[in-house]
Protein chains: 2
Amino acid sequence: MTPKGALAKEKILTGAKALVMRKGFAGTSVDDILAETGVSKGAFFHHFKSKADLANQLMRWYADGDIRMFRTILARAEAAHDDPMDQLMQFLTDFEVYLSDPENPPKGCMYALYTYEDDHFENDLKGFVAETLQSWTAMYIRKFQEVIDRHPPVRPVTAKRLAEMFVAVIEGGLILQRAYRNPGMTARQSEQFRDYLELLFPRAIA
Amino acid sequence: MTPKGALAKEKILTGAKALVMRKGFAGTSVDDILAETGVSKGAFFHHFKSKADLANQLMRWYADGDIRMFRTILARAEAAHDDPMDQLMQFLTDFEVYLSDPENPPKGCMYALYTYEDDHFENDLKGFVAETLQSWTAMYIRKFQEVIDRHPPVRPVTAKRLAEMFVAVIEGGLILQRAYRNPGMTARQSEQFRDYLELLFPRAIA
DNA sequence: CATTAAACAGACCAAACAGTCTGTAATATG
DNA sequence: CATATTACAGACTGTTTGGTCTGTTTAATG
């Protein structure tokens, strides 16, 4: 693939993501994407052999960017602090800043979107979404485990449960954010979750 | 509308709900619904003047049943206890039983589904979804306020925040439940949320 | 600079789609 | 029992859909 081709493909993916986030995948036609991006039908089917192929590549492309973003925020938090609880809190507040970006607040989560339409997708793709969500969760499990090991929680709790709760809280926040058209909802959920953590790990707070 | 007609309409709504929950609204064709329910095209368009009309009526029908279910569980909890914290905990555990029903565990939330496809729907319908979510939240706000008034929380917290967090946690749990095909995820989120409440209102726990 | 392959453009197609229309069976009502 | 209305049945239609195909332009490569 030539650099020019890669650029065109990126344009299609970007436009498709924007449309899919508003209308769902089944609700977005190939012609919609062509109109949005100005790309021709020939060009589209040169880069994607079918709409199902777009579904696959779009998700993989999205997940790649998404996971990369999380790793970046986490790496920064880990570099800034020694104590895992400090790292975690730093991560969460940085994540809240990202969520509240006035330029482009996240419009939703593509994992959730695919999950609510999953009958159309191949098992392969459904598996990929589940694995990606799990690897996202796994990042948090590791960190929560470090926190638990260092600072005994006041109530028995597992790292897995906390990690899953955080993911759920964010996913739920994004839904409320869309439904209410209130871009601050998701960050608020993260804040409230921090409150829970501070209660669970009181001795870890400065 | 004759009783027979009402029955047919109910059959269409039930079948449409099942399909929409699996494939999304845009991803479900009228012909799909006809095949699923055995209803004829003539009958369908006798009861619904368009697919958009189905979107409206389906959501209103769903919301009616949904809110009714919540009110029932809440009323039972309120009848069983005097203390608002006891009522709340009873409500949550009863709700968890409902979520874990081995017969038909909830496959998802239609508010979330519509929210992730909202570009297709009329403003009217989008508004209705937002209002319904808010009236659902409002139920919890009232109860949390009673708890806060009776049992001072160990950290400052608003009833609104707690209510929104609970809704987010459930919505997020349903997404994980679908993605992982694990029907227990949502109830676990509710459990974990209870843990938070018990930390927040320690003196309210027997 | 010739050749080959990638990148596109857009007319075209069959299937799926939402919705219509005409006719018929069931049911309520005076 | 006559009549009107509701409830359906299903063939049909115009449009949208995902996808193909043929031809042309652009760019890499020996």
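Below, read A as the first sequence line, B as the second, and so on, with proteins coming before strands; counting in each chain starts at 1. What you see below is based on every heavy atom in this structure, not just the backbone, and it leaves out hydrogens, waters and symmetry mates.
Spacing between atom CG of A:L7 and atom C1' of D:dA27 amounts to 14 Å, rounded to whole angstrom units. With rounding to whole Å, B:I33 atom CD1 is found 11 Å from C:dG19 atom P. Here D:dA7 presents its C1' atom at 13 Å from NZ of B:K11, a figure rounded to the nearest Å. Going from atom NE2 of A:H120 over to atom P of D:dG18 covers 11 Å, rounded to whole Å. Across the protein-nucleic acid pair, B:L34 atom CG and D:dC8 atom C1' stand 12 Å apart, rounded to whole Å. Taking atom NZ on A:K23 and atom C1' on D:dT16, their separation rounds to 12 Å, with Å as the unit.
Under the 6.0 Å cut-off for aromatic ring centres, A:F95 and A:F70 qualify, their centroids lying closer than that.
Taking the side chain of B:S29 as heavy atoms from C-beta on, and the options C:dA28, D:dG18, C:dC17, the nearest nucleotide is C:dC17. Among the nucleotides C:dC8, D:dA28, C:dA7, the one closest to the side chain of A:M1 is C:dA7. Of all nucleotides listed (C:dC17, D:dC8, C:dG19), C:dG19 comes nearest to the side chain of B:K41.
Using a 4.0 Å cut-off on heavy atoms, the residues of residues 44-61 of chain A that approach DNA chain D are A:F45, A:S50, A:K51, listed by number.
Between the side chains of A:Q177 and A:K107, no donor-acceptor pair is found at a separation under 3.5 Å. Using a 3.5 Å distance cut-off with no hydrogens or angles, the side chains of A:E117 and B:Y116 do not pair a donor with an acceptor. In this structure, a donor-acceptor pair under 3.5 Å is absent between the side chains of A:Y111 and A:E171. Neither side chain, A:H47 nor A:D53, offers a donor N or O lying under 3.5 Å from an acceptor on the other. There is no side-chain donor-acceptor pair under 3.5 Å between B:D86 and B:Q90.
Each of B:V30 and B:T2 has a nearest nucleotide on DNA chain C; the 5'-most of these lies closest to B:V30.
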